[in-house]
Amino acid sequence: MTNGPRDFDDEGSAATRKMRFLYALRSRGVTDTRVLTAMEQTDRGLFVRGVFSDRAYEDMPLPIACGQTISQPSIVGLMTQALNVQPRDKVLEVGTGSGYQAAILSHLARRVYTVDRHRRLVREASEVFARLDLTNITAITSDGSFGLPDQAPFDRIIVTAAAEDPPGPLLAQLKVGGIMVLPVGQSDTVQSLIKVTRLETGYHYDELRPVRFVPLVEGLGTE
Ligand code: SAH
C-alpha cells in the first residue's frame, strides 16, 4: 500500500510537533545540547495516560495517577541542565511520578535510581522503562526523604517534590563535588528551585528560579 495523503499529514504533524516542543524548550532557556538530545529521544506521550495524552507535547504540567503531576517539560529541562549530569554518574531521583524525568536522566547518566512513595507509579513507570529498554534505571517504592542508603553516595540527586528544606539524609548522601537540584518552600506558596553543591568544607547554595511542585510527603502512599 502506498502512503495516502492522511499518512503524509500525520508524519508531517509529528515532525512539526517535535520541532515546536524543542523550540519551546530552547526559548525557555534549555540550551544544553546533551539535555535537548535526551529530551528529543524521550517521547513524553508514553508517560501521560488517558484523557490528557493528547496534550503531552505542550509545555505544561499534566495530571497523572495518584493525584500527582508530570512536570512541565521546560522545568524538567532546566532542572536537568542545572544538574550537569556526567556519563559516569550515579543519580538518585526522588519522585518517580510518571517516570519521564528518570527516562531523560537515563540517557545522560551511567545509572539512575528513582524512588516514589506510590507503588502504583513505580510499577507503571517501570513498565515504560522496560518497553523502552532503559535498563540502567532502577525504580523502587520508598520514602525518598531518607534517600537510598544502600546505594549512596550519589554524584547527582534530583528531587521533584517540594520539601520545606533540603532533607538531611539527601545532603549526607551527596558525594563531595556532587550536585543536588530541588524545589524548597511551603507547598501552597511559591517555592524556589535551588542547586546545592557539596564542597570539601560544606555546601554551597544557589537559588535558580521560582517553581511550583507537589509536596514531598512522609511515609508510603496507599496505592
Ligand atoms: N518526576 C516526575 C514528577 C514527579 S511528581 C515525572 O517526571 O513525572 C512528584 C512525585 O513525588 C509524586 O509522584 C509523589 O508521589 C512523589 N513523592 C512525594 N513525596 C515523596 C517521598 N517522600 N518519597 C518519594 N516520593 C515522593
Side-chain angles (χ1 to χ4, degrees), residues 25 30 35 38-39 41-50 52-53 55-80 82-83 85 91-109 112-129 132 134 137-149 151 154 156-170 173 180-188 191 193 211-223:
L25 293 175
V30 184
V35 173
M39 292 187 77
Q41 289 169 337
T42 309
D43 183 353
R44 191 169 182 251
L46 299 176
F47 297 88
V48 181
R49 298 176 184 217
F52 291 102
S53 56
R55 313 200 74 169
Y57 307 99
E58 293 175 32
D59 192 27
M60 51 164 62
L62 293 171
I64 55 171
C66 304
Q68 304 303 314
T69 50
I70 177 172
S71 313
Q72 188 176 344
S74 56
I75 297 293
V76 171
L78 290 170
M79 288 177 80
T80 309
L83 206 58
V85 179
V91 182
L92 171 66
E93 179 194 25
V94 175
T96 311
S98 68
Y100 179 60
Q101 172 76 73
I104 292 166
L105 291 169
S106 82
H107 291 291
L108 299 166
V112 179
Y113 292 89
T114 180
V115 303
D116 203 289
R117 57 188 292 277
H118 287 290
R119 62 180 64 71
R120 173 176 171 190
L121 294 175
V122 168
R123 189 182 61 237
E124 291 183 354
S126 300
E127 285 166 12
V128 186
F129 302 151
L132 296 176
L134 301 176
I137 309 178
T138 305
I140 300 168
T141 306
S142 76
D143 180 350
S145 15
F146 299 104
L148 203 54
Q151 299 300 335
F154 297 96
R156 301 289 186 264
I157 300 177
I158 180 169
V159 187
T160 60
E164 281 186 34
D165 295 300
L170 296 183
Q173 289 172 29
M180 170 156 70
V181 173
L182 76 165
V184 289
Q186 308 275 346
S187 61
D188 48 356
Q191 306 141 1
L193 187 64
V211 283
R212 194 158 184 175
F213 276 81
V214 296
L216 192 74
V217 178
E218 277 182 24
L220 294 188
T222 49
E223 277 193 89

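Below, all heavy atoms of this structure are taken into account, side chains as well, without hydrogens, waters or symmetry copies. When a ligand or atom number is given, it counts from 1 through the structure's own listing order. Treat the numbers as computed from the prediction; the structure is a model and nothing was measured.
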- Item | Numbered atoms of ligand 1 (with element) below 4.0 Å of Gln101, judged on heavy atoms | 1 (N), 7 (O)
- Note on the structure: Heavy atoms of Gly147 and Gln173 approach each other most closely as CA-OE1, 3.4 Å
- Of all heavy-atom pairs linking Ser98 and Phe47, the shortest is O-CD2, 3.1 Å
- Item | Region of Val214 engaging ligand 1 - heavy atom pairs below 4.0 Å | side chain
- Note on the structure: Note: ligand 1 atoms sitting under 4.0 Å from heavy atoms of His118 are 15 (O)
- For atom 21 (C) of ligand 1, the protein heavy atom that lies nearest, with its residue and separation: Val217 O, 3.5 Å
- Item | For atom 25 (N) of ligand 1, closest protein heavy-atom neighbour | Arg117 N, 3.3 Å
- Task: Calculate, to the nearest 0.5 Å, the distance between atoms CG and OG1 belonging to Leu92 and Thr138 respectively.
- Result: 11.0 Å
- Considering distance alone, does some N or O of Gly144 sit under 3.5 Å from an N or O of ligand 1? yes
- Task: Could you tell me whether the side chain of Val122 reaches within less than 4.5 Å of the side chain of Ile140, counting heavy atoms only?
- Result: no
- Message: Counting only nitrogen or oxygen atoms and a 3.5 angstrom limit, does Thr69 reach ligand 1?
- Response: no
- Tell me, do Arg44 and Ile70 make a side-chain contact under 4.5 Å, heavy atoms counted? yes
- Message: Does only the side chain of Gln68 get under 4.0 Å from ligand 1, or the backbone, or both, or neither? Count heavy atoms.
- Response: side chain
- Item | Mutual orientation of the aromatic rings belonging to Phe154 and Tyr113 [parallel < 30°, tilted 30-60°, perpendicular > 60°] | perpendicular
- Query: Any N or O on Asp116 sitting closer than 3.5 Å to an N or O of ligand 1?
  - Reply: yes
- Item | Backbone or side-chain N or O of Leu216 under 3.5 Å from ligand 1 N or O | no
- So, for Asp143 and Val217, which heavy atoms are closest and what is the spacing to 0.1 Å? OD1-O, 4.2 Å
- Smallest heavy-atom separation, Leu216 atom then Pro167 atom, equals CD2-CG, 4.0 Å
- Query: Against heavy atoms of Leu121, which atoms of ligand 1 measure under 4.0 Å?
  - Reply: 13 (O)
- Item | Closest contact, heavy atoms only, Val85 versus Ala109 | CG1-CB, 3.7 Å
- Does the N or O separation between Glu93 and ligand 1 drop below 3.5 Å for any pair? yes
- Backbone, side chain, both or neither: what part of Val76 comes under 4.0 angstrom of ligand 1, heavy atoms only? neither
- Query: At a 4.0 Å threshold, what atoms of ligand 1 neighbour a non-hydrogen atom of Ser142?
  - Reply: 23 (N), 24 (C)
- Could you list the atoms of ligand 1 found under 4.0 angstrom from a heavy atom of Asp143? 21 (C), 22 (N), 23 (N)
- Any side-chain heavy atom of Met180 sitting closer than 4.5 Å to one from Arg156? no
- Task: For residues Ala103 and Thr42, report the shortest heavy-atom separation together with the two atoms involved.
- Result: CB-CG2, 3.7 Å
- Query: Which ligand 1 atoms does Ile70 reach within 4.0 Å, using its non-hydrogen atoms?
  - Reply: 8 (O)
- Query: Could a heavy atom of Pro215 be found less than 4.0 Å from some atom of ligand 1?
  - Reply: yes
- Query: Should you measure from each heavy atom of Ser98, which atoms of ligand 1 turn up under 4.0 Å away?
  - Reply: 6 (C), 7 (O), 8 (O)
- Check whether any side-chain heavy atom of Val76 sits under 4.5 Å from a side-chain heavy atom of Met39, and report yes or no. yes
- Before signing off on this row, confirm whether Gly95 and ligand 1 have an N or O atom pair separated by under 3.5 Å. yes
